[in-house]
Amino acid sequence: MPVNTLLPIIREIIETQPSGISEYDLMVKLQKNEAMIFNDIDPGLVLFRKHFLIMHTLYQMQTVFFNEGWYLSISPLAICLEPLQESGLTDLPAERAESKIRDYYLDWNNFEVTEGADVDKLLAGFWEHFLAVDKRMEALQTLELPADAVLSTVKHTYRRLAREYHPDKGGDAARFREIREAYETLLRSGLK
């Protein structure tokens, strides 16, 4: 792994942003400083590499700041520094999903082996998941359920609405189909 020349640049930017900064705004500032330049590469791969370098640097800095009594909170929409005692943490994430993300970005091999086709697969997976969440929300609205509805509630509501709108019982066939499709979408979404 090469020496990370972004460490002092990103540290200075973060320390001058007391209310925090988004990853996008951080990337814009770095590009103005010409701190991240890639030549002749697929645009998706360029974006991935910029993102990876920023996250890699942030997670390296998280350890440094932690040792200095600060917690660096990292998310794409808000990167901010707060006193460690205010964060409520006694150690860096080790068991949660956040630690898996941290480990991914700290592993330099992930930067080196990722190619354009890999980025395309990651993006396709993201959009598939994003659209699935959107479809799930639509299905919940069709069944007039809240976003946090559990499987037992979905089943109960489906049965009630199916009885009400079933065409054999004098109900609306189109509405019945919507209800059935929404129910099937929710079952496929892995609701528990």
Check against side chain to side chain contact (heavy atoms under 4.5 Å, CB included), I13 and L30: CA-CA 9 Å; I13 292 170; L30 291 170; 4.1 Å; yes

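Residues L186 and R136 are in side-chain contact: their nearest non-hydrogen atoms beyond the backbone lie under 4.5 Å apart. Under the 4.5 Å side-chain criterion, counting only non-hydrogen atoms from C-beta, Q17 is not in contact with D25. For the pair L47 and M27, the minimum side-chain heavy-atom distance is below 4.5 Å. Inter-residue side-chain proximity for R102 and T63 is flagged as met; some heavy-atom pair is nearer than 4.5 Å. Looking at heavy atoms from C-beta onward, R188 lies out of side-chain contact with K135 at the 4.5 angstrom threshold. Residues L58 and M55 have side chains in contact (heavy-atom distance under 4.5 Å, counting atoms from C-beta outward).
Checked for salt-bridge contact, E178 and R175 meet the test: a charged N lies under 4.0 Å from a carboxylate O. Remark: E181 does not engage R177 in a salt bridge, criterion side-chain N to carboxylate O under 4.0 Å.
Both I179 and M137 belong to a common hydrophobic cluster when Ile, Leu, Val, Met, Phe, Trp and Tyr are linked at side-chain heavy-atom distances under 4.5 angstrom. Y183 and V150 fall into different hydrophobic clusters, where Ile, Leu, Val, Met, Phe, Trp and Tyr are joined by side-chain heavy atoms under 4.5 Å apart, directly or via other members. The hydrophobic clustering, which links ILVMFWY residues whose side-chain heavy atoms are closer than 4.5 Å, places I14 and V28 apart. Residues V64 and Y59 fall into different hydrophobic clusters, defined by Ile, Leu, Val, Met, Phe, Trp and Tyr side chains chained together at heavy-atom separations under 4.5 Å.
Of all non-hydrogen atoms in I9 and T5, the two that sit nearest each other are CD1-O, 3.7 Å. Of all the heavy atoms in E82 and S73, the pair that sits closest is OE2-CB, 4.3 Å. Summarising the geometry of D118 relative to V113, their closest heavy-atom pair is OD2-O, 3.5 Å, with the distance given to 0.1 Å. The two atoms that bring S75 and I79 nearest to each other are O-CG1, 3.5 Å, heavy atoms only. Annotation for V119 and G44: closest pair CG1-O, 3.5 Å, computed over non-hydrogen atoms. Here the closest non-hydrogen pair linking G116 and D42 is CA-OD2, 3.9 Å.
The aromatic rings of F52 and F48 lie tilted to each other, with the angle between the two planes from 30° to 60°. Ring geometry for H51 versus Y105: interplanar angle over 60°, hence perpendicular rather than tilted (30 to 60°).
Around atom OH of Y24, no more than 12 heavy atoms belonging to other residues, nucleotides or ligands sit under 6.0 Å away. More than 12 heavy atoms of other residues, nucleotides or ligands lie within 6.0 Å of CD in E184, so this atom counts as buried by the packing criterion. Enclosure of atom CD in E115 is not indicated, since only 12 or fewer non-hydrogen atoms of other residues, nucleotides or ligands lie within 6.0 angstrom. Atom NZ of K50 is surrounded by more than 12 heavy atoms from other residues, nucleotides or ligands within 6.0 Å.
Checked against the 6.0 Å centroid threshold, F65 and Y71 do not count as a close aromatic pair.
Taken from CG in N109 to OG1 in T114, the straight-line distance is 8.5 Å, to the nearest 0.5 Å.
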